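The structure displayed is predicted, hence computed values, not measured ones.
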Amino acid sequence: MTGSYVSVSNYPGTTVEVYRGKTRLDENVFEVIDTPGMYSLSCITDEERVTRNLLLKERPSVVLHVMDAKSIKRMLPLTLQLIEASLPVILVLNMMDEAEREGLSIEVSDLEKRLGVPVVTTIAALGKGIDELKGKVSEYVRAA
Amino acid sequence: MSGQHRLVYDERIEDAVNRISALLSDSYFLSKRAVSLLLLQEDEDITQLVEATDRSSYEEISSIVEETKQAFDRPLSYVIGLTMHEDALNITERSVTRNRKMRRSFASVLSDLTMHPISGIIILLLVLYFGLYKFVGEFGAGTIVDFLEENIFEGYINPFLTRVFEVLIPWRWLQELFVHEYGVLTLGMRYAIAIILPIVGTFFLVFSIIEDSGYLPRLAMLVDRIFKKIGLNGRAVIPMTLGFGCGTMATIVTRTLESKREKVISTLLLALAIPCSAQLGVILAMLSVSFRALVIWMVFVALSFLLVGFLAARLYPGKKPSFYMEVPPLRIPKISNVLSKTLARMKWYLVEVIPIFLGASVIIWIGNLTGAFNLLVRALHPVMSFVGLPSESAQAFIFGFFRRDYGAAGLYDLQRAGILDIRQILVASTILTLFVPCVAQFAVMIKERGLKTALWIASFVFVFAFAAGAVLNVVLQVTGIL
């Protein structure tokens, strides 16, 4: 989303550094921080610890929980934890095309209602859903 | 939007959460509820944070944690985690549906084949043969290097530079800083641009394709069983595979491993038995004159890897690691992604490597000028003859201290000059493969594992490399295989 180059690998566990960039939405400039992935707020690995410390220190105005839509069942507990922690979460279900190819269908509005946070589906590699995501981020920040 | 979702836990936990929350101040970015739950799960960082922030009530908080712990016969992190997972399943059960009738795609069949013990190994060998041996070894380290070395550098650049500096600088000793045998330009730049760059370039290209295709996690699944024997889990495949790109980067990535034990073992194995791309390419190129030598080298290094890993796992006891990893789908890599990644990596590599190569050339120049370099080569003579190598090869190992690939390039030079025979090349490449990590990797080892562990690993690797070289040399001579 920032336009600067970030190495994205097709396997988990490659981002061990924190990447920062800036982006403009409406009139506001946002700092975007890409963090190492985590599976749980109660940390196991060092990379998860880095991410949690960042959440605590940077106090972000929006937290995008980006996950592979196919593994929503396994990843949702972290979303629940983030909500529990009163963090401003938006759930981003990425790689929707692959999920659909596997026969997975996700009721986004139903999910939104159950979780009580915005849910956006994207195919980031093709740039799909990014505008909608930007819209939700702006909305979220304006409401806060 | 309606109210936010709320996880409801066991009554006793809810009660503890309420009591702890009442004692917490407002200074945490996370909700009091979340902080309380993390305290109940005895999260180290959060406990420390609360101890520092809410000093006065900390004692009472920890007694509530203690009391709640007693009420359950399983760890609270398990109890809390279970509730979260059940709740998540509950939510997804209603809003996520799966159509099971979808036909299995070609990709998913192929995916299973890559993880099957037999077909998986065949696929791995094919990837290694065509990706590494043919493309990086023969094309990158052979064709391209030959062209750049012989046509461009030896043909035009070096003679030209040598003439320029001979005209500009009257003193031979100062000329030698820039040109002639060990010159910054004729040796340092030539190594960096003509030998190393094509090799890492082709390697990074292949690696980016493999990486983007989603093959690595499958490889992790495939070798998980073997890795368990050496005290690692399949997850360690990622740093190990990255190690074939660059050991320094890979040592940083060992952060993703769970236990300290796994981190130490993989740091050791990375320092010892995983050659980095540049080194690998040059070694493949050197050994490509004899396929038998190449096979012996591969088997010997693989055995060292397994032996040391196995021993390390015995000597450094600890919990058997568990393995959990997502396997993303196989897909055709996008050319633009592969190219931009390859270029970014090559750029990163050049920025890092050229100053070091040049710096190393300057140090070698000083060493030559003062005679220290010759002294060192002579001092290493007994070590060299111990493993059956001519004393000239000592210089390659000294180069290897600065960077592994620089050492490999030095060895390559010796082979081209016809100083080493095939047995010596095999022994020298094996030692150099096992030999010390380069300066950068060593620095990262200190940073990640601490000075003491790093020194232990480096000294072990040093001794092991030469001992293994000597053994290999004797075995080759006695059996007459090569």
[X], [atom1] atom: more than 12 neighbouring heavy atoms under 6.0 Å:
{"X": "B/Glu44", "atom1": "CD", "value": "no"}
{"X": "A/Glu132", "atom1": "CD", "value": "yes"}
{"X": "A/Arg59", "atom1": "CZ", "value": "yes"}

I'd like to verify something: which residue of A/Val108, A/Ile83, A/Leu80 has the highest number of heavy-atom pairs under 4.5 Å with chain B?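 Looking at each of A/Val108, A/Ile83, A/Leu80 in turn, A/Leu80 comes out on top.
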Do you know which of A/Asp110, A/Leu104, A/Leu56, A/Leu76 has the most heavy-atom pairs with chain B at a distance under 4.5 angstrom?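 Counting heavy-atom pairs under 4.5 Å, the top option is A/Leu104.
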Most chain A-contacting option - heavy-atom pairs closer than 4.5 Å, from B/Val35, B/Ile80, B/Ile46, B/Leu49: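 Most pairs with chain A among the choices: B/Ile46.
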Give me the atom names and distance for the closest heavy-atom approach of A/Ser86 to B/Ser31.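 That closest heavy-atom pairing would be OG-CB, 3.1 Å.
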Derivation and outcome, side-chain contact (heavy atoms from CB on, under 4.5 Å), residues A/Lys73 and B/Leu89: CA-CA 6 Å; A/Lys73 280 191 185 170; B/Leu89 281 183; 3.9 Å; yes
Under 4.5 Å heavy-atom distance to chain A, tell me which part of [X] shows up: side chain, backbone, both or neither.
{"X": "B/Lys32", "answer": "neither"}
{"X": "B/Arg33", "answer": "side chain"}
{"X": "B/Ser27", "answer": "backbone"}

I'd like to know if B/Asp87 pairs up with A/Arg114 as an ion pair, taking the criterion as any Lys NZ or Arg NE/NH1/NH2 lying under 4.0 Å from an Asp or Glu carboxylate oxygen. no
Drop me the distance from [X]'s [atom1] to [Y]'s [atom2], to the nearest 0.5 angstrom.
{"X": "A/Leu111", "Y": "B/Ile91", "atom1": "CG", "atom2": "CD1", "result": "7.0 Å"}
{"X": "B/Phe29", "Y": "A/Glu58", "atom1": "CZ", "atom2": "CD", "result": "10.0 Å"}
{"X": "B/Leu30", "Y": "A/Gln81", "atom1": "CG", "atom2": "CD", "result": "10.0 Å"}

Please lay out, stage by stage, how B/Leu38 and A/Arg52 fare under the test side-chain contact (heavy atoms from CB on, under 4.5 Å). CA-CA 12 Å; B/Leu38 287 168; A/Arg52 192 178 66 186; 4.0 Å; yes
side-chain contact (heavy atoms from CB on, under 4.5 Å), that's the test. Do A/Glu84 and B/Leu37 meet it? Break it down for me. CA-CA 10 Å; A/Glu84 186 173 66; B/Leu37 284 160; 3.2 Å; yes
Taking side chain to side chain donor-acceptor pair (under 3.5 Å) as the test, write out the residues that go with A/Glu98, two or more places apart.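 Residues passing side chain to side chain donor-acceptor pair (under 3.5 Å) with A/Glu98: A/Lys70, B/Arg331.
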For B/Asn90, give me all partners under side chain to side chain donor-acceptor pair (under 3.5 Å), at least two apart in sequence or on another chain.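 B/Arg94.
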By a 4.5 Å heavy-atom criterion (distance strictly below it), what part of A/Leu82 contacts chain B: side chain, backbone, both, or neither?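 It is neither, since no heavy atom gets under 4.5 Å.
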